[in-house]
Amino acid sequence: MKDYFPDISTITYEGNNSKNPYSFKYYKADKKIGSKTMHEHLKFALAYWHTLTGKGVDPFGADTMIRPWDNLADPMDKARARVDASFELMQKLGIRYFCLHDRDIAPEAATLKETNRNLDILVELIGKQMKATGIKLLWGTANMFLNSRYLHGAATSCNADVFAYAGAQVKKAMEITKELGGANYVFWGGREGYETLLNTDMDFELDNQARLLRMAIDYAKEIGFTGQFLIEPKPKEPTKHQYDFDVASVMVFLRKYGLDKDFKINIESNHATLAGHTFQHELCLARINNMLGSIDANQGDPLLGWDTDQYPTDVYNATLAMYEVLKNGGLHSGGINFDAKPRRASFEPSDLFLCFIAGMDTYAKGLEAAYKLLNNGELEDFIRERYSSYSSGIGKDIVEGKAGLKELEEYALQHDRIINNSGRQELLETIVNRYIL
Ligand code: XUL
Ligand code: CO
C-alpha cells in the first residue's frame, strides 16, 4: 500500500507544553474522564467527503488542494487510492470512525446499474480495510444534491422520476451502510426545500419527504438494518429555505407524520448558527426531547452568513456542547463527526493532520471542562435554586396541577409585592471560564 503521508508518523499525546504541531495537547485517547476514556466519550469520525474529495473550490476560484491520491486519471483508481489515504490518515490520527455518502467513495457512472457496481467494488475494499484496522462506520448517507437531476430536490422534487431515483439511491446506500456495519443512517435534506412558493406545493412536498422516510423505515426492517436513523437539520443552503430548518422544525415534521420514534437528530454546529441558534440551544432542545443522536462538529465564521465548515477550535462552544452530551448520557450510537474542511489556503496534505489535531484537542479540552463543570454541579445547583419557588406553596400547586386561574388570582391578590432575584449571567459565565482556563 502506498504511503500518502510519508513525513508524518502516528500522532501522540505530548501535553500542552509541547511545541510539536504534530502532537495532541489535550486529546489522550485512553485517559479516563469519569467511567469512560476520552475516545469512548468523543467517538471522533472522519468525514470522507471533505477530507478525501474536497478540493478547495469556491465560487471565485478553482481547486487549491494538493492531494497526491488525486493524481490518478481513472476515477476508479482514484477512488481506490482515496481508501488507502483515508485509512492511513485515520490510523495515524487514532480516529476510529468515519462517515460517508455513497458518491464520496465511488464515482457515478453512465447508468445507475454501473454506479451501483462501482459502489460494490469500493465497499468490498473499504470493508477489508475496516477489518484490518478495526475502524468503524459511524454513519452512511446518500448524496442526493450534487447531480443536476436533483435540481428541484430529491424526495421533494416535483418530478416523480426523481423521487424514484432518490428512493433507489437510498435503498442502495442503506444496503452498503448495513454491509459495512454502520451504526447510523443519516438523512440530510440536501435540496429538500424551495426557492419560491410561487411554484411550490409545500404541503405535497412535505408529504413526499415523509413518504420516502417511511419507505426507508420499512426497508430497514426488511433487510434487518438496526442502525439509528438520523435527520440533520440545516436552515438554508443550497435552497433558500430548507424544510429541515432546525431541531424544532424537524421534530414538528417527524411528529406530524408519526416518524418521531424512528429518528433522532444529527446536529451540526455551523447549521445551528445559520439558523440563528447557538449550538448548545440545538443540542439542549434535542436532548430534552430524547432526540439527540449525533454531532457534526465544525464551526462557522460569525462574520459570514454561509456554511464555512471550519474545523472547530472554539473551546467555549465545545465545552457547552460536551456539557449537553454528558447530560444526555453520551451520544449512544452517535459520535462526533468532523464535517469540516481545511481553509482554501491550507492546501497542503499536512494541513489535514493539523486540522484534525485542532478539532480533536478542542473537543478533548471541552470534554474535560464540561465534565468537571457538571460533576461539581455549580450550574446545576444555581439552576435548581433559581426555580426553587416551584418546590413548595403556590409553585408546587402549579406544577402538580392543583391550582387554576381562580386559585392564582386568590394567591396574587395576597402576594402582589413581587421580589425577584438576579439571573447572575455574568457570574455564571465567569464560572464556565474558570473550568476552561
Ligand atoms: C451539508 C452537510 C452534509 C451532511 C451529510 O451542509 O452538513 O455534509 O452532513 O450529507
Ligand atoms: Co453535516
Side-chain angles (χ1 to χ4, degrees), residues 43-55 57-59 86 97-105 108 137-147 150 153-156 166 169-170 172-174 176-177 182-193 209 212-213 216 227-247 250 263-275 277 279 282-283 286 292-301 304-312 321 331 334-342 355 359 363:
K43 285 172 73 184
F44 290 132
L46 169 145
Y48 207 92
W49 52 104
H50 287 311
T51 317
L52 280 307
T53 69
K55 301 249 197 247
V57 290
D58 74 7
S86 70
Y97 298 85
F98 65 109
C99 302
L100 56 83
H101 298 85
D102 47 1
R103 300 296 175 255
D104 307 334
I105 57 170
E108 200 160 344
L137 180 64
L138 186 67
W139 50 260
T141 186
N143 179 327
M144 302 192 293
F145 44 91
L146 193 65
N147 191 289
Y150 293 119
T156 65
Q169 216 182 307
V170 168
K172 183 71 183 171
M174 283 173 59
I176 65 167
T177 301
N184 307 271
Y185 185 90
V186 167
F187 285 88
W188 169 59
R191 290 186 190 273
E192 313 293 30
Q209 183 164 321
L212 187 75
L213 300 183
Q228 175 68 52
F229 280 118
L230 299 168
I231 292 197
E232 181 177 327
K234 185 175 185 180
K236 53 189 169 187
E237 231 199 348
T239 72
K240 179 178 79 176
H241 188 113
Q242 299 276 124
Y243 288 134
D244 299 329
F245 192 93
D246 58 2
V247 168
V250 167
F263 282 84
K264 288 197 190 292
I265 304 183
N266 181 39
I267 302 175
E268 177 164 329
S269 182
N270 203 169
H271 295 178
T273 48
L274 284 177
H277 303 303
F279 189 26
E282 290 290 79
L283 294 168
L292 175 52
S294 201
I295 282 181
D296 270 11
N298 59 15
Q299 68 187 30
D301 186 306
L304 301 174
W306 65 89
D307 197 14
T308 58
D309 283 335
Q310 293 167 223
Y311 275 83
L331 289 169
I336 298 177
N337 169 44
F338 289 111
D339 194 353
K341 57 189 175 194
C355 283
Y363 267 79

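Starting from 1, each residue takes its place in the sequence as its number. Counting starts at 1 for both ligands and their atoms, in listed order.
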**OP:** Check ligand 1 against Asp307 and write out every atom of the ligand that is under 4.0 Å from a heavy-atom position of the residue.
**Re:** 6 (O)
Subject >> Per-atom contacts, ligand 1 versus Asp296 - under 4.0 Å to a heavy atom >> reply: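 Those of ligand 1 that fall under 4.0 Å from Asp296 are 9 (O).
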Original post:
How many angstroms lie between CH2 in Trp188 and CG in Asn143, if you round to the nearest 0.5 Å?
Top reply: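 The CG atom of Asn143 is 8.0 Å from CH2 of Trp188, to the nearest 0.5 Å.
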Polar side-chain atom of [X] near backbone of [Y] as donor-acceptor pair, under 3.5 Å:
{"X": "Thr141", "Y": "Val186", "answer": "yes"}
{"X": "Glu192", "Y": "Ala155", "answer": "yes"}
{"X": "Asn270", "Y": "Thr308", "answer": "yes"}

Original post:
Do His50 and Asp309 have side-chain N/O donor and acceptor atoms under 3.5 Å apart?
Top reply: yes
**OP:** Considering only NZ, NE, NH1 and NH2 on the basic side and carboxylate oxygens on the acidic side, decide whether Lys234 and Asp307 come within less than 4.0 Å.
**Re:**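 Result for this pair is yes, salt bridge flagged.
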N or O contact, [X] vs ligand 1, cut-off under 3.5 Å:
{"X": "Trp188", "answer": "no"}
{"X": "Trp139", "answer": "no"}
{"X": "Asp339", "answer": "yes"}

**OP:** Could you grab the protein N, O or S atoms closer than 2.8 Å to the Co ion (ligand 2) for me?
**Re:**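 Glu232 OE2, Glu268 OE1, Asp296 OD2, Asp339 OD2, with waters left out.
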Original post:
Per the ring pair (Phe, Tyr, Trp, His ring centres under 6.0 Å) rule, which among Tyr48, Phe187, Trp49 passes with His101?
Top reply: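 The passing option is Trp49.
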Original post:
What do we get for His101 next to ligand 1 when only non-hydrogen atoms under 4.0 Å count, side chain, backbone, both or neither?
Top reply: side chain
Subject >> Minimum heavy-atom distance between Phe338 and Ala47, given as atom pair plus value >> reply: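 Shortest heavy-atom separation between Phe338 and Ala47 comes out as O-CB, 3.3 Å.
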**OP:** Give the minimum heavy-atom separation between Leu46 and Asn337, together with the two atoms involved.
**Re:**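 Nearest pair, atom of Leu46 first, then Asn337: C-OD1, 3.7 Å.
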Original post:
Nearest protein heavy-atom contact for atom 9 (O) of ligand 1: which residue, which atom, what distance?
Top reply: Glu232 OE1, 2.7 Å
Original post:
Should His271 be listed as contacting ligand 1, given a heavy-atom distance under 4.0 Å as the test?
Top reply: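 Judged by the 4.0 Å heavy-atom criterion, His271 does count as contacting ligand 1.
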**OP:** Please confirm whether Val186 comes under 4.0 Å of ligand 1, counting heavy atoms of the residue only.
**Re:** no
**OP:** State, with a plain yes or no, whether a side-chain heavy atom of Asn298 is found less than 4.5 Å away from one of Tyr311.
**Re:**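 No, every pair of side-chain atoms sits at 4.5 Å or beyond.
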